[in-house]
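All values derive from a computational prediction rather than experimental measurement. The analysis underlying the following values was restricted to heavy atoms, covering all of them including side chains, and did not include hydrogens, waters or symmetry mates. Numbered from 1 within each chain, the chains take letters A, B, ... in sequence-line order.
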Amino acid sequence: MTHSPDINDPEILKPPARKRSWQQKMNRLSPYMFMVPAVVIMAIALIYPLGYMIWGSFRDWNPSQSIGEAEFVGLKNYITLWGDPNFRESLGVTLRFAFIVVGVEMILGVGLALLLDRDIRGMSVLRTMFILPMMIAPVVVGLMWRYMYHPTVGTFNRTLESMGLPKVDWLGDHALLSVIIADIWQWTPFIFILSLAALQSLPRSALEAARIDGATAWQQIWFIKLPLMLPVLIVTCLLRLIDAFKVLEVILVLTQGGPGLSTEILALRISRTATEFRELGVAAAMSNYLLILLLIFTLGMFAFTRWQEIRASRVRAAAEDAS
Amino acid sequence: MAQSTTKNNSAFFAVIALMVFMAIGPVLLMLVNSFKLDVDIISGTSGLLFLPTIQNYETALCDVLWYEPEHLDFCSVKFGGAFVNSLIIALVSTTLTLVIGSMAAYALVRFRFMGRDTVSMTTLMVRMVPPAVLLVPVFGLWNNEFCLDKEGFLGGMIREAFGGRGDVCLAGTHSGIILIYVAMNLPFVIWILQSFIVQVPRSLEEAARVDGAGPFGVFFRIVLPLIKPGLAAAAIFTFRIAWNEYLLASALSDRNTKTVPILIVNNMSEFNVEWGVIMATGMLLAIPPIIFTLFASRQIITGMTAGAVKG
């Protein structure tokens, strides 16, 4: 996103005047011809459905009606939801899940990256193994962990038993914790890989200068590496946070939202309201609450990257002035 | 620095070993269990002392096997059909997303045109939309609005050719699921490919233009071959989502267009889980992504860093 303006100058693209005029017209139209398929598909299958959903959230709408037949009820769905303790509980679970998961993953991922930032042979093999969990279907991840958490035949309880320790009711009493552990297993590698890439692209000169000045390993990490990595880390963190609100399949397979509402995150509640309770209007209103939440994080990320760009260009300008 | 490295070495390798164990342990566990009989899984004759059997895979694949497995009276899982559905949906939607997405990314990077900023901003914003949010509108639209009247010309033809009752709707067809997957993945693909197209040297395109190539010739013959690594990364991520997605597929598919994740969830929610068979199905679903990871991990990592860092 930081290309200099002259590269994008349309003048360069204009054909010489001697060429025929239909070709000129072609060239003027070509950006639209490149854009049209994507714009049409996104308009039909993303933008229109989103608008349809917002429209539907103001209606008392069940799956057997078309949207035109549904009665207009104004903000009723939103107000009911806001007063609904179950919705609030679900919102609380979602926020708790997202922030705990991202917090732990950031600490583990960055920590491991700092630890493993050395030239070791076979690093690419290691990285391949670490990205494996991310590539496997969430449904399968849920399946594996459901087996391991199984109260009698599961790996964890068997291990505990063989060590003479009491069994733990993983998916019962500690359902949220179990779901969080499974997600941490799957997504810590994401943060690890990104922070490792950030670490290895740090300017060597700064690190060497610190080493020559006699900084300890901790001082290097705390005063040089982390501050320099910070921009990447913040973007990674926000990306991961947005993704954490999308998690659904793992929890669906592991606990189906239960016991009670203890692991029913918003995405799961939306799908249950729509398919089991058959209240599409309420589900749409709930989707809008979730969208607003995500919008805040996304805008935060934009604001941050924009601010970074402005700062970087100011630093560059200052450096040019000085030279 | 040197002496501290040697001192920490054993601890360092212990950490690495632990990480590797944690990362692939559950996958290996599933692999091992998929070769066990349910009796062995439940009785817990622990570890690796068991007689491996492919019975679970036979049960899962019973509808495509050329022989009838002895232990089965009735073929209930029907993995083969779901696998074909998954394959069609994932491959077609990945191809479409890549072609359409790379064209859009090229236009956004190389041309200045009216509406460019709007498109680029919208693309970035819709990236955050979770599939669960699309569930309600897609369910409504695909079943009610994106339909052809059965009395109409085209709808009538389709009804005559394929049979069935009611209007011809997108829900329940492969195209319906493919459409939503393409739309869902486009923003991400456009975003990631932009950072690769920016790096293509401008002079190459201009040279081709001087030689008389049109805009599409330049794009398909010059630009696309040069961004192969980016395309590979984008393809893997798109395929991964289309292959693994459950929620929207379950809302949009019918009996004949079920994908593998739906099959697994349906078999899981039953009270008595047949662990061996379900692990075998899970393993079969996980094999394509595992193969990608083993052979294209470099592209995956490039794609991940390009997607996150160059935002």
Side-chain angles (χ1 to χ4, degrees), chain A residues 3 7-8 10 27 30-32 34-35 37-39 41-42 45-46 49 52-53 66-67 115 126-133 135-140 143-144 147-148 153 155 158 193-194 197 232 235-236 239 242 245-246 248-249 253 267 270-271 274 280 283-284 287 290-291 294 298 305, chain B residues 15-16 20 23-24 26-27 29-30 41-42 44 100-101 103-104 106-107 111-113 119 125-126 128 130 132-141 144 179-180 182-183 186 198 202 215 240 244 246-247 261 264-265 268 275 278 282 285-286 289 292-294 297 300-301 304-305 308-309 311:
Chain A
H3 28 81
I7 288 177
N8 273 311
N27 281 341
S30 56
Y32 296 102
F34 277 107
M35 279 309 305
V39 168
I41 286 198
M42 286 189 352
L46 277 181
Y52 187 83
M53 180 190 69
S66 77
I67 199 166
L115 197 68
L126 284 179
R127 275 196 299 198
T128 308
M129 284 193 246
F130 295 149
I131 52 178
L132 204 58
M135 302 301 288
I136 291 178
V139 169
V140 178
L143 168 71
M144 293 186 309
Y147 170 74
M148 291 195 286
V153 307
T155 318
R158 270 211 192 125
I193 297 280
L194 288 183
V232 179
V235 172
T236 313
L239 271 180
I242 292 170
F245 283 94
K246 298 186 185 176
L248 175 118
E249 282 114 327
V253 173
I270 291 171
S271 99
L280 292 185
S287 309
L290 182 58
L291 269 188
L294 285 172
T298 314
T305 40
Chain B
V15 170
I16 288 185
V20 170
I24 60 172
V27 186
L29 187 71
M30 183 170 71
I41 296 177
I42 289 165
I100 297 173
M103 280 165 58
Y106 180 66
F111 300 102
R112 277 282 153 90
F113 55 92
V119 173
M125 296 300 283
V126 290
M128 57 137 197
V133 166
L134 289 171
L135 179 73
V136 175
V138 161
F139 186 78
L141 284 173
N144 297 318
L179 175 65
I180 187 66
V182 172
L186 266 179
V198 168
R202 200 61 187 239
R240 172 180 153 260
N244 294 344
Y246 162 76
L247 186 68
I264 291 180
V265 172
M268 280 301 282
W275 283 111
I278 202 98
L285 178 68
F292 279 136
T293 317
L294 295 184
S297 61
I300 296 174
I301 291 168
M304 263 168 52
T305 36
V309 181

For [X], which atoms come within 4.5 Å of any heavy atom of chain B: side chain, backbone, both, or neither?
X	result
A:L280	both
A:L294	both
A:A283	both
A:T298	side chain
A:M148	side chain
A:I41	both
A:P37	both
A:L132	both

Which atoms of [X] come close to chain A, meaning under 4.5 Å heavy atom to heavy atom: side chain ones, backbone ones, both, or neither?
X	value
B:L179	both
B:L294	both
B:F139	side chain
B:L135	side chain
B:L247	both
B:V126	side chain

Exercise. Can you tell me how far the CD1 atom of A:I270 sits from the CG atom of A:L248, to the nearest 0.5 Å?
Worked result: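 The distance works out to 9.0 Å.
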Problem set entry | Between CE on residue A:M42 and CG on residue B:L186, distance to nearest 0.5 Å |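 Interatomic distance, A:M42 CE to B:L186 CG, rounded to 0.5 Å: 6.5 Å.
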Problem set entry | Criterion side chain to side chain contact (heavy atoms under 4.5 Å, CB included) on A:F130 and B:V20, from CA distance to verdict | CA-CA 7 Å; A:F130 295 149; B:V20 170; 4.2 Å; yes
Heavy-atom closest pair, residues [X] and [Y]:
X	Y	result
B:V27	B:A23	CG2-O, 4.2 Å
B:P261	B:N244	CG-O, 3.8 Å
B:V136	A:S287	CG2-OG, 4.5 Å
B:F113	B:A107	CE2-O, 3.6 Å
A:K246	B:M128	CE-O, 3.4 Å
A:L291	B:P130	CD2-CD, 4.2 Å

Problem set entry | Side chain to side chain, A:M53 and B:V133, heavy atoms closer than 4.5 Å |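 Contact flag for A:M53/B:V133 side chains = yes.
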Exercise. Looking at B:I100, B:I300, B:I278, B:L141, which has the largest count of heavy-atom pairs under 4.5 Å with chain A?
Worked result: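 Between B:I100, B:I300, B:I278, B:L141, the count favours B:L141.
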Problem set entry | Best-contacting candidate, A:E249, A:R127, A:M129, against chain B by heavy atom pairs under 4.5 angstrom |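 If we count pairs closer than 4.5 Å to chain B, A:E249 comes out on top.
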Exercise. Between A:I131, A:V253, A:I242, A:V39, which shows the greatest number of heavy-atom pairs under 4.5 Å with chain B?
Worked result: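 Looking at each of A:I131, A:V253, A:I242, A:V39 in turn, A:I131 comes out on top.
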Problem set entry | Neighbour count above 12 (heavy atom, 6.0 Å) for B:Y246 OH |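 Enclosed: over 12 neighbouring heavy atoms sit under 6.0 Å from OH of B:Y246.
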